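Accompanying notes for the structure given below.
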Amino acid sequence: TSDGIILDISFAPKQAVTLQNNSGLLMFDTPVNITWDTTETVANSDGIIDTIDLFLLKGDGTEVPIVQGLDAVSAVDPADSTVGLYNWTPGAADATSNARIRAVFHNILDADHVGVDETDETFTIIGPSITYSAPADPVGETGLSYQGTPYSSVAWNFNEDTYKDL
């Protein structure tokens, strides 16, 4: 035009990221799916999201990369093409409370425009634990005998015995 004004509008992609876990509690070494809507990915003809970065946001403010540069097309759930999927297994180093997952969606048309979303609810990542409650009468209830102070040292034979194993 005679005014010489050209508008170039690039939109930051915006998707909703979810963590498929209803309890708010994740265990070490137990896989969980991180999902998002694929509407704006390049898997669709008019999509603008080409790569995705996923981060664990720990309760202390630490941001830990889960995966970076994840290809949006290859991350489509084979069972549902409208869902992006990344299967993540938290480890012992990921232990935290008040955690969230942050997803960064990169615009193929303009690298300076990214969309960011976090899971709505916080969750906790813990390791496995074993809780033992001593029976009131360990000899009578289990047939096991012990030496020393009660419950401080117990000799158990879990193999070839005739007693009720715990």
Side-chain angles (χ1 to χ4, degrees), residues 1 3-136 151 156 158 165-166:
T1 67
D3 296 329
I5 299 172
I6 299 173
L7 297 177
D8 182 14
I9 301 172
S10 294
F11 294 100
K14 180 68 173 171
Q15 300 293 96
V17 63
T18 58
L19 184 67
Q20 293 182 341
N21 175 31
N22 295 329
S23 69
L25 188 64
L26 299 181
M27 299 290 289
F28 298 166
D29 302 324
T30 302
V32 62
N33 289 331
I34 302 170
T35 61
W36 57 90
D37 175 30
T38 61
T39 305
E40 294 198 24
T41 65
V42 292
N44 294 313
S45 60
D46 57 350
I48 59 172
I49 297 171
D50 65 337
T51 60
I52 301 159
D53 302 332
L54 298 173
F55 299 90
L56 168 65
L57 303 178
K58 290 186 162 189
D60 66 2
T62 306
E63 183 177 276
V64 180
I66 295 172
V67 64
Q68 293 179 289
L70 180 65
D71 178 62
V73 175
S74 64
V76 172
D77 183 348
D80 183 350
S81 64
T82 66
V83 175
L85 173 69
Y86 185 79
N87 187 272
W88 173 54
T89 303
D94 298 319
T96 190
S97 59
N98 297 316
R100 292 182 186 272
I101 298 294
R102 174 179 291 155
V104 179
F105 303 96
H106 296 275
N107 184 331
I108 193 171
L109 304 175
D110 185 348
D112 293 331
H113 288 84
V114 297
V116 179
D117 191 42
E118 294 177 7
T119 52
D120 293 335
E121 301 296 325
T122 61
F123 56 92
T124 299
I125 301 173
I126 62 170
S129 62
I130 297 174
T131 303
Y132 171 74
S133 299
Y151 314 119
W156 292 347
F158 288 104
D165 290 336
L166 300 177

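These numbers come from a predicted model, not from an experiment. Counting from 1, the numbers follow the sequence of the chain as shown.
Scanning both residues, Pro90 and Met27, for their nearest heavy atoms gives CG-O, 3.9 Å. When all heavy atoms are compared, the tightest approach of Thr124 to Ile126 is CG2-CG2, 3.6 Å. Between Pro31 and Asn87, the closest heavy-atom pair is CB-OD1, 3.4 Å.
The distance from the CG atom of Asn33 to the OH atom of Tyr86 is 11.0 Å, given to the nearest 0.5 Å. Distance CG/Leu57 to OG1/Thr119: 7.5 Å, rounded to 0.5 Å. Here CD1 of Ile101 is found 11.5 Å from CG of Asp117. Values are rounded to the nearest 0.5 Å. In this structure, Leu85 CG and Trp36 CH2 are separated by 6.5 Å, a value rounded to the nearest 0.5 Å.
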Ignoring hydrogens and angles, write down the donor-acceptor pairs under 3.5 Å from the side chains of residues 48-56, residues two or more places apart or on other chains.
residue, atom, partner, partner atom, Å
Asp53, OD1, Gly69, N, 2.7
Asp53, OD2, His106, NE2, 2.7

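Take Thr96 and apply the side-chain contact (heavy atoms from CB on, under 4.5 Å) test, not counting sequence neighbours, and it matches Lys58, Ala99, Ile125.
Put simply, the side chain of Trp88 reaches to within 4.5 Å of the side chain of Leu26, judged on heavy atoms. Within the 4.5 Å cutoff, the side chain of Asp77 has no heavy atoms near those of the Thr35 side chain.
Within 6.0 Å of CD in Gln68 there are more than 12 heavy atoms belonging to other residues, nucleotides or ligands.
Every pair passing salt bridge (Lys or Arg N to Asp or Glu O under 4.0 Å) that includes a residue from residues 90-106 is listed here, sequence neighbours excluded: Glu63-Arg102, Arg102-Glu118.
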